[in-house]
Amino acid sequence: MQRGHSFAIVDEVDSILIDEARTPLIISGQGDESTDLYRQADVFVNGLKKVVYASVDEKEEEQEDLDADYVVDEKAKTATLTARGIAKAEKAFALENLADIENATLSHHINQALKAHGIMKRDTDYIVKDGEIIIVDEFTGRLMLGRRYSEGLHQAIEAKEHVDVQKENKTLATITFQNYFRLYNKLSGMTGTAATEAEEFQAIYGLDIIEIPTNKPVIRKDNPDVVYKNDIGKNHAIIEQIVACHEKGQPVLVGTVSIEKSEYISSLLKKRGVAHTVLNAKYHEKEAEIVAQAGRLGAVTIATNMAGRGTDIVLGGNPEFMAKTDLRKAGFADEVIAEATGFAETDNEDILNARKMFAERMSVHKKETDEEAEKVRQAGGLFILGTERHESRRIDNQLRGRSGRQGDPGESRFYLAMTDDIMRLFGSERIMGMMEALKVDDDTPLDHKMLSNAIEQAQKTVESRNFQTRKTVLEYDDVMNKQRGIIYGERRKVLDGEDLQQQILGMIREFVSSTVRDGLGGEPAETQQKLDEALAPFTKLFLPAGALKISAFNGSADTEHLTDAMQQIAEKAYQAREAAFGVRPDGTPLMRELERVIMLRVVDEYWMDHIDAMDDLRRGIGLRGYGSVKPIDAYKQEGFDMFEAMVAGIREETVRRLYTVRIRGEQTVQRKAVAKNVATNAGGEPEKKKPVKKVPKPGRNDPCPCGKMKADGSRRLKYKECCGRNE
């Protein structure tokens, strides 16, 4: 619930508006039960042989006689069945042709299982915790609780990891970050690392970047990167650097790109007997505490990219966190501890005692940390050690920015290997060849300007690819955005309680004229039989069978005269229903309330189906490029046609329900919130439950008893598509 979109201030604006903006925001509701197909597809894919390429494009000539069932393209993050894999799938599932339209669902499940096995990595993309799959944010390393991958990918991962496969989700609403934040009249934000994305901020959001100078000059020493031939030499150098810093008391913050890497570095340090703390998505709850103390004398902290965003690393330790720990040990509740650091007026004894103790412990710890901070400064301040370059230069800059706070001394260095993902996937082939030609051994680092340029170029390549991805997502969402504006504009009228009578009468007129036009097919009805056929859709709603005779039109009923006659009958029937329903206690006709309720339900149902249809269209539209048609243009045209069909469907269904709705009783009309634990009769005794009469329930694939048709009028909807949708 929002009061409008006037002004937005976004914290860590680059993380939200840039990193997160590749994935649209979705409000989802529970859909159908997950089918056993996820398990079957998982078992099938588990038995396949895969081959992994940095980029499949380079290996196209080898595809014909490839000894593999599916190919994983790491750069494009895709997994595809080979001809051999398709043949195996057809044999395993007893199909003639996997590509047939009736096998689309199975094909989709297999593709998601391929992605789950070939691309999604445990402890990098997600973790398994308490029998659940929890997504790990690739940019911050934080757990994304409550979020799920869409389009069945989450269920495919659940099947892969042998946990309970949850219900499928139904998309109720969707919007991209870009279009959501564009709703605001004014948009602003703050971050320490926006300069590298200035072009995108300007192009997408129309935002300028203003750099605010630091309070005190930055004296941190940023050392050039060192590059090793492979992981063995790099890891050895990392451990030696940590040990050297630890021995002289210099605190070290080690940045890793995944949980797996952070735990591997931890295991190497254990072998060397170096005391250290690990911070990754598995220890998410302790994030602030761990990072706050990363500046203590001789501390070694291994962190994924979350690395304390939003928490100050104070040299010598953070006295505030120490004082809070003392309060926790003294038995104060977390809510009281949160109040202990505030200044709001209160007469709560617990909070007053907590504030008193907090002030005492804070002054004690402040003396200790000030002394320790001086020793840390002498040792060189906080050392930032990056174990790999991230896809985005901003993430690396954030890690560096943990050190050198408020004019403190500090140091930073990144350790790379030619086998790191970013160098392997996006680095220059020339450099790989050069290292082989020079016969560089594992432990010899390379420090050359050409290498630094190659690393930066690789990062720029990834950033531009990601920018293009976000731009494409936005282009397609802009088409939906226009439609979204129209639909939510209509919903807003309903929710604001506007009088919809004129709009409904307009819908009735439009419905009558289009139905008569379609029924006559451009030719006048000259027999009673043809007239009855043309009027058949109305007989189910408000026209008694045989009520209109051909003689009333002098033997020939053309479109214009028949439309006029039917509109008069429709409006009379509408007025008769309004009179029959009566008025509400406040004097307004009950029909006004019914119009709003019916309109809201119909719009929501059709809009949800339209979102799914547009999503299906979006998935296959790229193939139009082979026919020299720009996919986005085809998407706009077909999306417009589908939207027109949806609007016609909404109009027809709203009119149909208005003429067929029945009111059960007064309690459904009056908006009263009644909450009673036990239903009681007049004597105050619990009322006995009456026996429930069971009505035979239709099968899921049977035609729906309500008689609702598909939007294009081709057939009646199945029970599972209509009234049984939410069961």
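Note that this is a predicted model, so its numbers are computed, not measured.
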Asker: Specify the closest pair of heavy atoms between Ser266 and Val278, including all atoms of both residues, with the distance to one decimal.
Answerer: OG-CG2, 3.6 Å
Asker: For Asp477, run the salt bridge (charged side-chain N to carboxylate O under 4.0 Å, His left out) check against Arg484, Lys471, Arg470 and tell me which one passes.
Answerer: Arg484
Asker: Can you sort out the partners of Phe93 under ring pair (Phe, Tyr, Trp, His ring centres under 6.0 Å), two or more places apart, ordered by chain and number?
Answerer: Phe44
Asker: Can a side-chain donor-acceptor contact be found between Gln112 and Tyr149 if the only test is distance below 3.5 angstrom?
Answerer: no
Asker: Could you check whether any side-chain heavy atom of Leu600 comes within less than 4.5 Å of a side-chain heavy atom of Arg491, counting everything from C-beta outward?
Answerer: yes
Asker: So, for Arg39 and Val163, which heavy atoms are closest and what is the spacing to 0.1 Å?
Answerer: NH2-O, 2.9 Å
Asker: Where do Lys234 and Thr387 come nearest, in terms of heavy atoms and distance?
Answerer: NZ-O, 2.7 Å
Asker: Should we say atom CD of Glu475 is surrounded by more than 12 heavy atoms from elsewhere, each under 6.0 Å from it?
Answerer: yes
Asker: Compare all side-chain heavy atoms of His162 with those of Asp42 and state whether any distance is below 4.5 angstrom.
Answerer: yes
Asker: So is Lys261 actually on top of Tyr264's ring, under 6.0 Å and inside 45° of the axis?
Answerer: no
Asker: Distance-only, no hydrogens or angles: does the Thr469 side chain make a donor-acceptor pair with backbone N or O of Arg465 under 3.5 Å?
Answerer: yes
Asker: I'd like to know if the side chain of Asp615 and the backbone of Ile611 have a donor-acceptor N/O pair within less than 3.5 Å.
Answerer: no
Asker: Determine the minimum heavy-atom distance between Ile265 and Ile238, stating which atoms define it.
Answerer: CD1-CG2, 4.3 Å
Asker: Is the backbone of Ile302 close enough, under 3.5 Å, to the side chain of His276 for a donor and an acceptor to pair up by distance?
Answerer: no
Asker: Between Thr82 and Ala68, is there a donor-acceptor pair closer than 3.5 Å when you use the side chain of the first and the backbone of the second?
Answerer: yes
Asker: Say whether, by atom type as modelled, one donor and one acceptor occur between the side chain of Asp609 and the main chain of Tyr606 under 3.5 angstrom.
Answerer: no
Asker: Does Phe181 have any ring pair (Phe, Tyr, Trp, His ring centres under 6.0 Å) partners at least two apart in sequence or in another chain, and if so, which?
Answerer: none
Asker: Between Arg601 and Glu653, does any NZ, NE, NH1 or NH2 come within less than 4.0 Å of an OD or OE carboxylate oxygen?
Answerer: no
Asker: Between CE of Met614 and CD of Gln483, what distance do you get to the nearest 0.5 Å?
Answerer: 4.5 Å
Asker: Can a side-chain donor-acceptor contact be found between Asp100 and Asn97 if the only test is distance below 3.5 angstrom?
Answerer: yes
Asker: So that I can tick it off, tell me whether Glu200 and Arg394 are bridged by a salt bridge, with the cut-off set at under 4.0 angstrom between side-chain N and carboxylate O.
Answerer: no
Asker: Quick check for you: to the nearest 0.5 Å, what is the distance between Thr78 atom OG1 and Lys115 atom NZ?
Answerer: 9.0 Å
Asker: Any side-chain heavy-atom pair from Ile27 and Thr174 closer than 4.5 angstrom?
Answerer: no
Asker: So does Glu96 have more than 12 non-hydrogen atoms from other groups sitting under 6.0 Å from CD?
Answerer: no
Asker: Glu158 and Val165: which non-hydrogen atoms are nearest, and at how many Å?
Answerer: OE1-CA, 3.5 Å
Asker: Is a side-chain N or O of Lys88 found less than 3.5 angstrom from the main chain of Gly47, in a donor-acceptor match?
Answerer: no
Asker: Taking C-beta and beyond as the side chain, do His154 and Ile135 meet within less than 4.5 Å on heavy atoms?
Answerer: yes
Asker: Grab the two heavy atoms, one from Gln459 and one from His390, that are nearest each other, plus how far apart they are.
Answerer: NE2-O, 2.9 Å
